[in-house]
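We count ligands from 1, going down the list as the structure has it; atoms in each ligand are counted the same way.
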Amino acid sequence: MKIGIVGAGAVGGLLGGMLRAAGHDVLFLGRGQHLQAMQQNGLLIKFATSQRKTLRIKGRFSDEVKDLSDRELLLFTVKSTQTKEMMGRLLPHLKAGAIVITLQNGVDNEEILAQALGEERLLSGAAYLSAEIESPGVIEVHSSGLQLIIGYLDGRQSQDLTRLVGLFNQAGVHCRPSAKIMERKWHKLLWNVTFNPLSAATGETIGEILDDAELHQTARRVLKEAVQVAEALQVSVRRDIETVVFQGAEEARGHKTSMLQDREQGKPMEIESICGYFVHQAAQLGLRTPTIHTLYSILLAIDKKRYGQHGNKGAETSEPD
Ligand SMILES: NC(=O)C1=CN([C@@H]2O[C@H](COP(=O)(O)OP(=O)(O)OC[C@H]3O[C@@H](n4cnc5c(N)ncnc54)[C@H](OP(=O)(O)O)[C@@H]3O)[C@@H](O)[C@H]2O)C=CC1
Ligand SMILES: CC(C)(CO)C(=O)C(=O)O
């Protein structure tokens, strides 16, 4: 199958690399020094916790969106700050009938992508893995497992879905289908909103947040506010969500959230998708989310300092101060 990786960073590079290693024809779209390093030496994937310690991937690495025009499957893995712009650039080059899977965090990317593409060939996926670009051309994987749950937005079961699930499993990525993918994405988002903004604002790891009595209570307040918004939006939230989120956090004690990594690396943070989304929905629903709102203001102020008046929204084209 001809596969294209739209944003060959941590998630895209890792999953594309696994698919390439399984024998698929993969084209990686990237940019900057990371792309140059991949073009020169291939992509190196280091598994920090697994027996299979490294994987050297030789493939096609490009910064030209038009090179994706013969791809049958596209993994959409840019940060959510770049969703709209990237989809706008990709759309004119998409092969008729090509399938797109977004593996981004948050629940708002699907709306933007569906508006451009329609829902017929759009899937969403929840990626349970932890990876980062360690240095140009090198991706380090921190999680011991790589898990994906994928599905069509309307819950449709189809041969295409079965085929895609098989494709990932054959490549060593544990994948299962879901008829309720957006419910899954919401559950992941509830984890992300609980820890990502707080960690990015304070510089603390998950374990440090759990061990600090004040921050721990703040995280619990964030989750309560977020669940209130989710339920007002008719999302079916599991009853034991608090237990599940905080148990999951215990298992990720050493983890630096992607938002904190972005802050430390001078990259735009996914403030709107992870945090602003709740603030804006709450405002429309007439709900109060004071803890989330405070974190949102702090993160916006951080990005304003780094990127100027437009903050995160201007970050695609501005360099950090
Ligand atoms: N990392 C993780 O462990 C997990 C991440 N996620 C989610 O997955 C999504 C992707 O995250 P992640 O992989 O960490 O992000 P990365 O920043 O590592 O990867 C995105 C890549 O896309 C590149 N890119 C952006 N715009 C363009 C462009 N116009 N042309 C070419 N390349 C481009 C980026 O380059 P540049 O750096 O120059 O912008 C970067 O290399 C996010 O929504 C994240 O929340 C979900 C689960 C786990
Ligand atoms: C915790 C993790 C890595 C999910 O697996 C994540 O989504 C993040 O840090 O943003």
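- Proximity to Leu103 (heavy-atom distance under 4.0 Å) selects the following atoms of ligand 1: 8 (O).
- Residue nearest to atom 15 (O) of ligand 1, selected from His34, Gln33, Lys79, Lys256: Lys79 (by heavy-atom distance).
- Of the protein's non-hydrogen atoms, the one nearest atom 6 (N) of ligand 1 is Asn105 ND2, 3.6 Å.
- Counting only N and O atoms by type, the side chains of Arg20 and His24 include no donor and acceptor under 3.5 Å apart.
- Side chains of Glu204 and Ser199: a donor-acceptor N/O pair is absent below 3.5 angstrom, by distance only.
- At least one N/O-N/O distance between Arg31 and ligand 1 falls below 3.5 Å.
- To the nearest 0.5 Å, atoms OG (Ser143) and CG (Leu14) are separated by 7.5 Å.
- Checked by atom type and distance alone, the side chain of His293 never pairs as donor or acceptor with a backbone atom of Phe278 at under 3.5 Å.
- Looking from atom 40 (C) of ligand 1 to the surrounding protein, the closest heavy atom is Gly9 CA, 4.1 Å.
- Summary of contacts: the protein heavy atom closest to atom 10 (C) of ligand 1 is Thr77 O, 3.3 Å.
- For atom 23 (C) of ligand 1, the nearest protein heavy atom (residue, atom name, distance) is Gly7 CA, 4.0 Å.
- For atom 29 (N) of ligand 1, the nearest protein heavy atom (residue, atom name, distance) is Arg89 NH1, 3.1 Å.
- For atom 3 (O) of ligand 1, the candidate residues are Gly30, Ala131, Pro268; the nearest heavy-atom contact is made by Ala131.
- Of all atoms in ligand 1, numbered sequentially from 1 with element shown, those under 4.0 Å from a heavy atom of Ile133 are 18 (O), 41 (O).
- Ligand 1 has Lys267 within reach: a non-hydrogen atom of the residue lies less than 4.0 Å from it.
- Ligand 1 has no nitrogen or oxygen under 3.5 angstrom from a nitrogen or oxygen of Ser258.
- Looking only at heavy atoms of the protein, atom 25 (C) of ligand 1 is closest to Gln82 OE1, 3.4 Å.
- Residue-ligand proximity: Met86 is placed with a non-hydrogen atom under 4.0 Å from ligand 1.
- For ligand 1, the polar-atom distance check against Ala127 finds no nitrogen or oxygen pair separated by under 3.5 Å.
- Under a 4.0 angstrom heavy-atom cut-off, Asp63 registers as lying outside contact with ligand 1.
- For the residue pair Lys46 and Thr54, no side-chain donor N or O sits within less than 3.5 Å of a side-chain acceptor on the partner.
- Using modelled atom types, one side-chain atom of Arg156 and one backbone atom of Glu120 make a donor-acceptor pair closer than 3.5 Å.
- Residue Ser130 has at least one heavy-atom neighbour below 4.0 Å for each of these atoms of ligand 1: 3 (O).
- Identified under the side chain to side chain donor-acceptor pair (under 3.5 Å) test for residues 168-183, with sequence neighbours left out: none.
- Remark: Glu214 CD is loosely packed, at most 12 non-hydrogen atoms of other residues, nucleotides or ligands lying under 6.0 Å away.
- Taken together through direct or relayed side-chain contacts under 4.5 Å among Ile, Leu, Val, Met, Phe, Trp and Tyr, Ile241 and Leu198 form part of one hydrophobic cluster.
- Of the N or O atoms in Ala10, one or more lie within a sub-3.5 Å distance of an N or O in ligand 1.
- Checked against the 6.0 Å centroid threshold, Phe195 and Phe246 count as a close aromatic pair.
- Protein heavy atom closest to atom 4 (C) of ligand 1, with residue, atom name and distance, is Val11 CG2, 3.4 Å.
- Residue contact check: Lys188 has heavy atoms under 4.0 Å from atoms 46 (C), 47 (C) of ligand 1.
- In this structure, Glu85 falls outside the shell of residues with a heavy atom less than 4.0 angstrom from ligand 1.
- Protein heavy atom nearest atom 43 (O) of ligand 1, with residue, atom name and distance: Glu270 OE2, 2.7 Å.
- No hydrogens or angles considered: nothing links the side chains of Thr49 and His142 as a donor-acceptor pair under 3.5 Å.
- At a cut-off of 3.5 Å, with distance as the only test, no side-chain donor of Asn109 or Ser80 sits close to an acceptor on the other residue.
- The number of heavy-atom neighbours closer than 6.0 Å to CD of Glu111, taken from other residues, nucleotides and ligands shown, is 12 or below.
- Remark: the Glu272 side chain and the His280 side chain contain an N/O donor-acceptor pair separated by less than 3.5 Å.
- Between the side chains of Gln104 and Thr83, at least one donor N or O sits under 3.5 Å from an acceptor N or O.
- Shown here is Gln33, whose CD atom has no more than 12 heavy atoms of other residues, nucleotides or ligands within 6.0 Å.
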What does the N/O contact table under 3.5 Å look like for ligand 2?
unit_1   : atom_1 : unit_2 : atom_2 : d
ligand 2 : 5 (O)  : Leu129 : O      : 2.9
ligand 2 : 7 (O)  : Asn105 : ND2    : 3.0
ligand 2 : 7 (O)  : Lys188 : NZ     : 3.0
ligand 2 : 7 (O)  : Asn192 : ND2    : 3.1
ligand 2 : 9 (O)  : His255 : NE2    : 3.0
ligand 2 : 9 (O)  : Ser258 : N      : 2.9
ligand 2 : 10 (O) : Asn105 : ND2    : 3.3
ligand 2 : 10 (O) : Asn192 : ND2    : 3.4
ligand 2 : 10 (O) : Asn196 : ND2    : 3.0
ligand 2 : 10 (O) : Ser258 : OG     : 2.5

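- The distance between the ring centers of His34 and Phe61 does not fall below 6.0 angstrom.
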